[in-house]
Amino acid sequence: MTELQAAPRGKPLNLPRLETRARYRDALTAIVAFVVLASLPLFFDSKALLDFVIRCSAFGLFATSLNLLVGYTGMISFGHGMFFGLGAYSFGLIMQKTGVPIPVAFIATLVLSAVAAAVIGAICVRLKEIYFAFVTLAFQMLIHSTILSWVSLTGGDQGLRGGIPRPVFLGIDLGNQVHLYVASCALLVIGLLLMRQIAQSPFGYTLRMIRDNAARASFVGIDVWRAKLTIFVLAALFASTGGVIMSLFVSGAYPEFAYWTISGEGIFINMLGGVTTFLGPMLGTVLFLILNDTVTRFTEYHGIVLGIVILFFAIGLRKGLMDFAIEWYAARRGRGEQA
Amino acid sequence: MDLNALIACLASSACLVTQTTSGLIIGMLLFLVAVGLTLIFGVLKVVNFSHGAFYMFGAYFAMTTYQITGSFAAAMLCGAAGTAILGLIFERVFMSRVYGADVLMQLLVCYAFVLIFDDVVRMVWGPEFKSMGMPTAFQVMPLFIAGGVVPPYYLLLIGVALVAAIVLGAGLSRTRIGKVVRAAAHNPSMTSALGINTGLIYGGVFALGGMLAGLAGALAAPVRSLTPGMGFSVLIESFIVTVIGGMGSILGALIGALLIGLIRSFGSLGFPLFTEGLMYLFMVIVLVSRPTGLFGKEVA
């Protein structure tokens, strides 16, 4: 199941060399992915496609950062959506109230999210499994109810209206759809690359160790609490970036962004794609958004359809699609070697 | 913040009585939901994330029965029995498949059912707010205790919940069935080796938990508005209750629920915008000082 266990038995893990090579490969993949994504508008003149990719970037960053917690560290956060909402609201509010340039507002949002995540994480991360899941969920509901009741600042259940000003900076005009599209792709690719670096770093392997056996990790001298808190804050930063993209996309922020269903969707996306591979959540995001768009087009009861799909994955398959594909590929290659 | 209102209320006996009773009914309803949650966790070691749905179904079953028969007792009975059957089916058909799996799977199955149940209610009863209305038997003059107004229905509600607490506590500690349930919670494989059908115990405990939540929903139906999704906020609050009281402890659930109820009713006077925040603040204080809750046992 896990990456450590999945390494071919008998062969030593030659980590350092593998890592340097993998790092160049990752950076190269990222550049190619960005070039391909950024050149899409040249070939397809479809507004819907661009919108779809922008939403994929927002949810993809959110879901992949959740995977850092769920898949890599074994911390099942059921309140990760709070940072998505926090990012959207802080960014929107900073832009509306102060009128600073977009990059400044973006960095300020990240700082705010990091502080919030550090405080909430300090309380949550020493709890185990189901306690952790529910206490993070409780904090999510606290933030949601604060947004709803602090009407003078957040607009309450109407959301942050009046549009988010998007002044031009460095020749980039985020009011223009293509500019926003390229910027979202850049944020997505940079975010994924950074998260990949975290996952493949020694720190990332520490996290896997904590997931597999926290007591043993603690015996070999790892400060489990600090490592968990660090990844909690880092994951919150990427989720908040997803929220920023979302608020730029809809030019506002709504209480639904901070509602618990966002967290539930995040968990579902991870399940759909699979939590044992780095890109699983990204695949899950694409599938989920396609599924969601199709279902909402045909029925107003999309909860039932989504619920049945979730049940199919949770009880029927018991793993994500990416896990399935990789196992199938490994099995086929294994047969090929034997033959 | 409106501390003057809070202090003025604390000084007047009429307001004190009114706020305390409203705190007690919030607490008692929460207790009925939370005790099912804690019982299911104690025995089955799963957190029933869809527990709020049973509360919701209890309320809707009671409303429909009341509209058809006009009998309040039948409404309560249907609310409780209907959710018990639902709980049994839910546990045997779906939850029992993910006992061995990790928390993620259990959460996902429950999450799926939260979505499905909410939509089922939306389909059957419609998305708008519904209300059952106070049963005619209780449309009488409210009682006046020390100048405070106490509707008789509130007394019934508090009484039923107290009886449930006592029956449950005594049943678990004194009867043979209670002993078997505790044995199954402690060591299921040994219990099953001794010839006890643990599957039946699991199903029964889940049905009991569902029934208590359904009863809470049915009792709440006359005093609350009914909407799809009404179960979720109750679920979050009852989870806070079990965290404060300690997972798996019935006494803890009772004390935690009453504390939360009182915090809510008095907090709404002093901090109208931050009532929910107070609840979370209290939970954080308990968690930081006693991570296993007020009455929780040390987990190895």
Side-chain angles (χ1 to χ4, degrees), chain A residues 1 70-71 74-76 78-79 119-120 122-124 126-135 137-146 148-152 259-261 263-265 267-268 270-272 275 299-316 318-319, chain B residues 37 41 45-47 49-50 93-98 100-123 127 228-229 232-233 235-237 239-240 242-243 247 272-281 283-285 287-288 291-293 296 299:
Chain A
M1 282 290 278
V70 174
M75 300 159 77
I76 296 161
F78 216 72
V119 172
I120 293 170
I123 296 163
C124 296
R126 54 184 186 154
L127 303 168
K128 285 199 190 88
E129 294 205 330
I130 201 74
Y131 275 91
F132 177 75
F134 272 79
V135 175
L137 176 62
F139 274 106
Q140 162 123 48
M141 294 308 285
L142 173 63
I143 286 183
H144 181 248
S145 71
T146 310
L148 281 188
S149 56
W150 199 345
V151 181
S152 59
Y259 199 46
W260 71 273
T261 43
S263 303
E265 281 163 8
I267 294 271
F268 174 45
N270 272 289
M271 184 63 224
L272 200 61
V275 291
T299 168
E300 57 175 308
Y301 302 112
H302 65 291
I304 289 193
V305 182
L306 279 187
I308 290 169
V309 174
I310 297 172
L311 280 184
F312 171 71
F313 273 90
I315 293 183
R318 287 179 175 251
K319 55 174 89 97
Chain B
L37 203 63
F41 179 79
K45 308 286 182 282
V46 296
V47 169
F49 182 63
S50 51
V93 178
F94 296 102
M95 281 313 276
S96 57
R97 288 172 199 275
V98 285
D102 59 6
V103 179
L104 187 63
M105 291 298 171
Q106 297 168 358
L107 268 181
L108 270 170
V109 170
C110 291
Y111 170 59
F113 273 98
V114 171
L115 294 178
I116 294 175
F117 284 155
D118 275 3
D119 261 4
V120 166
V121 167
R122 202 168 288 141
M123 267 179 181
F232 197 77
S233 56
L235 172 82
I236 298 293
E237 282 171 24
F239 186 76
I240 294 177
T242 50
V243 166
M247 270 287 192
L273 283 179
F274 198 60
T275 318
E276 304 225 344
L278 280 183
M279 228 163 56
Y280 292 100
L281 206 62
M283 176 185 79
V284 167
I285 293 169
L287 272 180
V288 170
T292 50
V299 187

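In this view, Arg122(B) and Asp119(B) satisfy the salt bridge (Lys or Arg N to Asp or Glu O under 4.0 Å) rule, not counting sequence neighbours.
Residues Leu137(A) and Phe49(B) are in side-chain contact: their nearest non-hydrogen atoms beyond the backbone lie under 4.5 Å apart. In this structure the side chain of Leu115(B) never reaches within 4.5 angstrom of the side chain of Ile304(A), judged on heavy atoms.
The only member of Val305(A), Ile308(A), Ile310(A) that meets side-chain contact (heavy atoms from CB on, under 4.5 Å) when paired with Ile116(B) is Ile308(A).
If you measure heavy-atom distances from Leu142(A) to chain B, the contacts under 4.5 Å come from both the backbone and the side chain. With a threshold of 4.5 angstrom between heavy atoms, Leu311(A) approaches chain B through its backbone and through its side chain. Looking at Val114(B), the atoms closer than 4.5 Å to chain A (heavy atoms on both sides) all sit in the side chain, from C-beta outward. Contact annotation for Phe232(B): only side-chain heavy atoms (C-beta onward) come within less than 4.5 Å of a heavy atom of chain A. At a 4.5 Å heavy-atom cutoff, Gln140(A) makes no contact with chain B through either its backbone or its side chain. Using a 4.5 Å cut-off between heavy atoms, Leu108(B) touches chain A through backbone and side chain atoms alike. For chain B, the nearby part of Val70(A) is the side chain; its heavy atoms alone come within less than 4.5 Å. Neither the backbone nor the side chain of Ala122(A) comes within contact range of chain B, judged by heavy atoms closer than 4.5 Å. With a 4.5 angstrom heavy-atom cutoff, Met123(B) touches chain A via backbone and side-chain atoms both.
Scanning both residues, Thr261(A) and Tyr111(B), for their nearest heavy atoms gives O-OH, 4.0 Å. Minimum interatomic distance between Ala112(B) and Gly307(A) (heavy atoms only, all atoms of both residues): CB-O, 3.3 Å.
Options Gly264(A), Gly74(A), Cys124(A) differ in how many heavy-atom pairs under 4.5 Å they form with chain B, and the most are formed by Gly264(A).
With rounding to the nearest 0.5 Å, the separation of OH in Tyr280(B) from OG1 in Thr146(A) is 8.5 Å. Between the NE2 atom in His144(A) and the CD1 atom in Ile236(B) there is a gap of 11.5 Å [rounded to 0.5 Å].
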